[in-house]
Amino acid sequence: MGEEWDGKSVITARNLCKMYGPHLALDDVNLEIPPGAVGILGPNGAGKSTLFKCLLGLITTTSGEGTVLGYDIRTEGDKIRSRIGYMPEYDALDPDLSAIDQVRYAGELLGMNPAHATRRAHEVLEYVGLKDQRYRKIETYSTGMKQAAKLACALVHDPDVLICDEPTNGLDQRAREFMLQTLRRTVSEGNRSVLMSSHVMDDVQEVCDRIVMIHNGRIVVQRRIEDLARQIEREIEISVWGGASRMQQELESRGFVVRRLGRVLRVDRADDNTTRNILEAAVSADVQVRQMQEYEPDLEDIFLLIMERLGAEVRSTSDLMTAAHTGGDRDE
């Protein structure tokens with residue numbers, strides 16, 4: 001039997017390793033994930049899928065140990081899976097079924113009796129915004145409705161933990177906002193935990209209060225997002241008119257490291273003299289500074305900066321797209 005879950009750590013891992021032949025997919029992973037919403041980030045091949053499979057007891061670990069909700073991942077995978085809801089990125093729906101039949105069937109596969117599964121199917125379809133479309137065939141659904149139906153299938157058995165892989169993929173703005181709102185409600189009102197893997201940093205930041213970042217099979221970050229943001233050096237953002245290239249060259253000649261996005265340039269705020277030095281550079285470059293302000297780093301900035309420090313060739317967060325988009329292998 002698994003130890004009684006203390007409610008403090010939803011997931012733990014101690015010195016977890018997984019080998020595929022000579023390939024080390026997970027390298028001495030140590031994790032402590034409390035209840036709440038957590039973004040799981042990492043470029044393709046980082047080991048995200050392997051980690052999920054180990055935590056769900058779907059594949060055996062080479063060494064180390066771990067628990068999910070107090071259950072041992074090595075011996076109690078069936079119990080773990082009965083308390084986890086999984087919303088995959090790939091299309092896992094039967095187009096010939098109505099949503100109510102699809103969600104009820106998902107419940108029955110998880111061991112629910114037909115009456116209970118039917119009752120829960122009605123409840124969760126209303127929860128995800130499909131109450132009025134529940135009897136329509138899934139083949140008539142929009143992308144947003146299909147994503148909502150997948151979420152309903154993941155929630156039908158009232159899991160303690162919900163794992164979502166690219167939950168807003170392909171959604172328009174309205175459907176995206178509703179999906180994110182539903183995930184936030186699942187955490188704040190439902191007191192459930194959400195593990196969310198996404199390449200859209202705005203989405204992760206909107207739902208999650210902490211992140212776990214994986215790189216080359218190792219956990220490189222597990223922190224609250226706001227704590228990470230405080231550690232990033234503050235930048236001054238400058239909007240210029242009449243020669244952004246000249247301004248960049250002038251700043252670099254004065255020892256500044258410049259990040260440029262069109263007419264917008266960002267430099268590290270070294271000290272109280274940084275603003276004066278920028279204005280002096282603008283005079284020398286004969287350009288007009290239209291706006292200057294301290295730039296607050298967002299999660300995308302944080303991710304790219306950490307990857308850069310690790311020497312990873314990640315040009316943008318689109319490099320986080322999962323196997324369904326990239327043709328990645330089992331260790332996506």
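Not measured: the values here are computed from a predicted model. Just so you know, residue 1 is the first one in the sequence shown, and it goes up from there.
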Cut-off 3.5 Å, side chains only: do D203 and S198 have a donor facing an acceptor? no
Identify, with sequence neighbours excluded, every residue that meets side-chain hydrogen bond (donor to acceptor under 3.5 Å, both in side chains) alongside T12. T67
A side-chain contact here means heavy atoms from C-beta on lying under 4.5 Å apart; do H122 and I100 qualify? yes
Between R174 and D172, does at least one N-O distance fall below 4.0 Å, as a salt bridge requires? no
Verdict with supporting geometry, R260 and S245, side chain to side chain contact (heavy atoms under 4.5 Å, CB included): CA-CA 9 Å; R260 181 177 168 188; S245 295; 2.9 Å; yes
Sequence neighbours excluded, every pair satisfying salt bridge (Lys or Arg N to Asp or Glu O under 4.0 Å) that has a member inside residues 177-197: D158-R192, R184-E206, R185-E189
One should read off an interatomic distance between L58 CG and S49 OG, to the nearest 0.5 angstrom, of 11.0 Å
Verify, without hydrogens or angle tests, whether E166 (side chain) and H199 (backbone) share a donor-acceptor contact under 3.5 angstrom. yes
Salt bridge (Lys or Arg N to Asp or Glu O under 4.0 Å) partners for R14, two or more places apart: E32
Please report the interatomic distance CG(D91) to CD1(I138), rounded to the nearest 0.5 Å. 8.5 Å
Please tell me if the side chains of P88 and D165 come closer than 4.5 Å, counting only heavy atoms from C-beta onward. no
For V283, the rest of its hydrophobic cluster, which grows through side-chain links under 4.5 angstrom: none
So CG of D268 and CG of D271: to nearest 0.5 Å the spacing works out to 11.5 Å
Separation of Q293 CD from E237 CD (nearest 0.5 Å): 5.0 Å
Answer with yes or no whether the hydrophobic clustering places W241 together with V264; edges join I, L, V, M, F, W, Y residues whose side-chain heavy atoms lie under 4.5 Å apart. no
Residues P167 and S197: closest non-hydrogen pair is CD-O, 3.9 Å
What one should report as the nearest heavy-atom pair of V156 and A121 is CG2-N, 4.2 Å
Pairwise distance OH(Y90) to CG(N169) - rounded to 0.5 angstrom: 14.5 Å
Hydrophobic cluster identity match, V221 and M201, side-chain contacts under 4.5 Å: yes
Is the backbone N or O of N30 less than 3.5 Å from a side-chain atom of Q222, with the two atoms forming a donor-acceptor pair by type? yes
Hey, any chance V207 and F178 share a hydrophobic cluster, counting ILVMFWY side chains that come within less than 4.5 Å of each other, even indirectly? no
4.5 Å side-chain heavy-atom contact, L162 and L195: no
I'd like to check L183 versus L151 (side-chain heavy atoms, cut-off strictly below 4.5 Å). Are they in contact? yes
State whether the side chain of S142 and the backbone N or O of M145 hold a donor-acceptor pair below 3.5 Å, judged by distance alone. yes
Who passes salt bridge (Lys or Arg N to Asp or Glu O under 4.0 Å) against R276, sequence neighbours left out? E280
In the structure I gave you, are the side-chain heavy atoms of C208 and V38 within less than 4.5 Å of one another anywhere? no
Indicate if V128 and Y141 have the same hydrophobic cluster label, given that clusters are the connected sets of ILVMFWY residues with side-chain heavy-atom separations under 4.5 angstrom. yes
Just jot down the salt bridge (Lys or Arg N to Asp or Glu O under 4.0 Å) partners of R218, sequence neighbours excluded, or say none. D27
Taking everything shown except R263 itself, do over 12 heavy atoms lie less than 6.0 Å from its CZ? no
For residues 104-113, which side-chain N or O atoms pair as donor and acceptor with protein atoms under 3.5 Å away, sequence neighbours left out?
unit_1	atom_1	unit_2	atom_2	d
R104	NH2	D101	OD1	2.4
N113	OD1	A115	N	3.2
N113	OD1	H116	N	2.8

Do L16 and I73 make a side-chain contact, defined as non-hydrogen atoms from C-beta onward lying under 4.5 Å apart? yes
Check which hydrophobic residues are tied to V289 through side-chain heavy-atom contacts below 4.5 Å, counting indirect links as well, and list them. I236, I238, V240, M247, L251, F256, V258, L265, V267, I278, L279, V287, M292
Looking only at heavy atoms, what is the nearest atom pair of D94 and Q102, with distance? N-OE1, 2.6 Å
Any donor-acceptor pair under 3.5 Å linking the side chain of T62 with the backbone of M19? yes
Let's go through L69 and E76 carefully: what are the C-alpha distance in whole Å and the side-chain angles of both, what is the deciding distance for side chain to side chain contact (heavy atoms under 4.5 Å, CB included) to 0.1 Å, and is it a yes or a no? CA-CA 11 Å; L69 300 168; E76 298 178 298; over 6 Å; no
Taking N277 as the fixed residue, which of N273, T274, T275 is the one that meets the side-chain contact (heavy atoms from CB on, under 4.5 Å) rule? N273
Considering only heavy atoms from C-beta outward, does the side chain of I163 approach that of I84 to under 4.5 Å? yes
Pairs satisfying salt bridge (Lys or Arg N to Asp or Glu O under 4.0 Å), at least one member in residues 132-154, at least two apart: none
Could you tell me which residues satisfy side chain to side chain contact (heavy atoms under 4.5 Å, CB included) with D209, sequence neighbours excluded, listed by chain and number? R224
Find out if a path of hydrophobic residues (ILVMFWY) with successive side-chain heavy-atom gaps under 4.5 Å connects V220 to V204. yes
Going by the salt bridge (Lys or Arg N to Asp or Glu O under 4.0 Å) test, which pairs reach into residues 241-253, not counting sequence neighbours? E250-R254
Show your reasoning for whether side chain to side chain contact (heavy atoms under 4.5 Å, CB included) applies to T61 and R74. CA-CA 7 Å; T61 59; R74 297 167 299 179; 4.1 Å; yes
Please find the pair of heavy atoms, one from G85 and one from P159, that lie closest to each other, and give the distance. N-CB, 3.3 Å
Which pair of heavy atoms, one from A149 and one from L130, lies closest together, and at what distance? N-CD1, 3.7 Å
Can a cation-pi geometry be assigned to K48 and F52, taking NZ or CZ under 6.0 Å from the six-membered ring centre and within 45° of the ring axis? no
How close do L93 and C153 get, heavy atom to heavy atom, and via which atoms? CD2-SG, 4.2 Å
Write out all pairs satisfying salt bridge (Lys or Arg N to Asp or Glu O under 4.0 Å) with one or both partners inside residues 120-131, taking only residues at least two apart or from two chains. R120-E123
d(Q249 CD, S284 OG) to nearest 0.5 Å is 13.0 Å
If you define the side chain from C-beta out and look only at heavy atoms, does anything of T50 sit under 4.5 Å from Y20? yes
